[in-house]
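Each remark here refers to the structure printed beneath this line.
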Amino acid sequence: MEKIRMTTPLVEMDGDEMTRILWQIVKDELLLPYIDLKTEYYDLGLMKRDETDDQITIDAANAALRLGVAVKCATITPNADRVKEYGLKKMWKSPNGTIRAIMDGTVFRCPIVVDGIEPAVRSWKKPITIARHAYGDVYRNAEIVIPGKGVAELVFTAEDQTQIREVIHEFDGPGIIQGWHNLDGSISSFAHSCFEYALDVKQDLWFATKDTISKKYDARFREIFDKVYHEEYEEKFKEAGIVYFYTLIDDVVARVMKSEGGFVWACKNYDGDVMSDMLSSAFGSLAMMTSVLVNPDGKYEYEAAHGTVQKHYYKHLKGEPTSTNSVATIFAWSGALRKRGQMDGIEDLVSFADALEKAVIRTIEEGEMTGDLALITSKTNVTKLDSTGFILAVKRRLEEELNAI
């Protein structure tokens, strides 16, 4: 078949370790034979970020704003061990956090549901979408190790030099402190994105913080959500037959475990990070979840929600076989290609993305899967494939899907 032509490039953000290996195999086997793939490439591998003092991450995020659609591989956020392992200049911040701050978007994560991979929570019948605020909190923190006795204060100095001061703690010995911040504008964008997404998918929206304890910080999120809802979305939600409600984060966790699913769960940044991993694991695998960052102006960044699969990468370096799940990586590409096709009016590209996702789901439902899924599937007589073997099995079905179009 003639390759599908693209008109506008995607922003391609390469990553680290085993997911970087899978990234290239996916491109070579599932994309390049069928698409005249146009990308603006940024290597966000840890060594390149270190070499450029993380400027390449900033450049990639700005490119995503300029071109409108990006696709990102999983990347390492270094801790002290990684700094030593890679000989880094410093402990660089999360590239995802940097990109999300620049794009000022909301991350929507939804499990990929296939027959034979049943949720660990028996009551869940429908996917649950996590809407994760993508700015601030612990991902833009300031930290101090306290050496000994003294007083720690929270101080805000206004433009006119007046100050607001609050004692954090009077230390009688060593300790630690951490400062968080957020912006009304970012919280408002988060709220709008959540309400718009819920209307688009016609699902209830749940939002939760801990405003009973955090009476100013978390309460501010609730105040802004309530204001945006009542001023702009209350009537729209009634017309759509869907509901918005707020509750405490511990209460919503209890509700989620007894629900049937089929709703959007809005979370603050860290809550969304943790809860999306819980949901993806409970629905089957960390590699079975879509993730898209949606900017208020309609810019999109698609990514794999999981990490870089470090253990498999070390096995790969030793020449040992791996059975690494590439589903989320494939769906990041299909999501980005579909959106690019929709924006540019290229129906063939949209159809290709649909066919690719169908091929992935068919492969698993027909009994060919990677090791993580083979361990939990309810299907019998399944075939466990290695990392490349699974992608090649998807390719066979992709060609069948494309021939049927």
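All heavy atoms count here, side chains included; hydrogens, waters and symmetry mates do not.
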>> Let me confirm one number: the CG-NZ distance from Leu31 to Lys395, rounded to the nearest 0.5 Å.
In response: 10.5 Å

Does the [X] side chain pair with the main chain of [Y], one donor and one acceptor, at a distance under 3.5 Å?
X      : Y      : answer
Asp137 : Tyr270 : no
Thr377 : Leu373 : no
Asp348 : Ile4   : no
Asp211 : Ser214 : no

> Which salt bridge (charged side-chain N to carboxylate O under 4.0 Å, His left out) pairs, counting each pair once, include a residue from residues 100-121, with sequence neighbours left out?
Replying inline: Arg100-Glu303, Arg109-Glu303, Asp115-Lys379

> Quick check, are the ring centers of Trp206 and Phe245 under 6.0 angstrom apart?
Replying inline: yes

> What about the rings of Phe225 and Phe195, do their centers lie closer together than 6.0 Å?
Replying inline: yes

> Judged by modelled atom types alone, do Asp344 and Thr7 share a side-chain donor-acceptor pair under 3.5 Å?
Replying inline: yes

>> Would you say His316 and Thr322 are linked by a side-chain donor-acceptor pair, where the criterion is simply a distance under 3.5 Å?
In response: no

For the pair [X] and [Y], find out whether any cationic side-chain nitrogen is under 4.0 Å from an anionic carboxylate oxygen.
X      : Y      : answer
Lys236 : Glu239 : no
Asp54  : Lys48  : no
Arg338 : Glu357 : yes
Arg362 : Glu401 : yes
Arg165 : Glu153 : yes
Asp43  : Arg49  : no
Glu400 : Arg397 : no
Asp354 : Lys358 : no
Arg255 : Asp251 : yes

> Yes or no on side-chain contact (heavy atoms from CB on, under 4.5 Å) for Ile346 and Arg5, after CA distance, side-chain angles and deciding distance?
Replying inline: CA-CA 8 Å; Ile346 305 174; Arg5 300 283 179 183; over 6 Å; no

Which of parallel (below 30°), tilted (30 to 60°) and perpendicular (above 60°) describes [X] and [Y]?
X      : Y      : result
Trp180 : Tyr217 : perpendicular
Phe190 : Phe207 : perpendicular
Phe171 : His169 : perpendicular
Trp124 : Phe283 : parallel
Phe237 : Tyr229 : perpendicular

>> How about CG on Asp160, more than 12 heavy atoms from neighbouring residues, nucleotides or ligands closer than 6.0 Å, or not?
In response: yes

> Just wondering, more than 12 heavy atoms not from Ile144 lying within 6.0 Å of its CD1?
Replying inline: no

> Run the side-chain contact (heavy atoms from CB on, under 4.5 Å) check on Tyr314 and Val309 step by step: do they pass?
Replying inline: CA-CA 9 Å; Tyr314 291 157; Val309 202; over 6 Å; no

>> I'd like to check the side-chain hydrogen bond (donor to acceptor under 3.5 Å, both in side chains) partners of Lys27; sequence neighbours left out, ordered by chain and number.
In response: Glu12

>> Using the rule given for side-chain contact (heavy atoms from CB on, under 4.5 Å), can you reason through Leu337 versus Ile35, listing the C-alpha separation, both sets of side-chain angles and the distance that settles it, and then say yes or no?
In response: CA-CA 10 Å; Leu337 290 169; Ile35 302 170; 3.7 Å; yes

> Given the rule in the side-chain contact (heavy atoms from CB on, under 4.5 Å) test, do Leu385 and Leu392 qualify, once you have shown the distances and angles that lead to the verdict?
Replying inline: CA-CA 10 Å; Leu385 300 175; Leu392 293 177; over 6 Å; no

> Given Gln24 and Asp28, is the side chain to side chain donor-acceptor pair (under 3.5 Å) satisfied, shown in steps?
Replying inline: CA-CA 6 Å; Gln24 191 60 51; Asp28 289 343; 3.0 Å; yes

>> For the residue pair Arg132 and Tyr139, would you count it as a cation-pi contact if the rule is NZ or CZ under 6.0 angstrom from the ring centre and within 45 degrees of the ring axis?
In response: yes

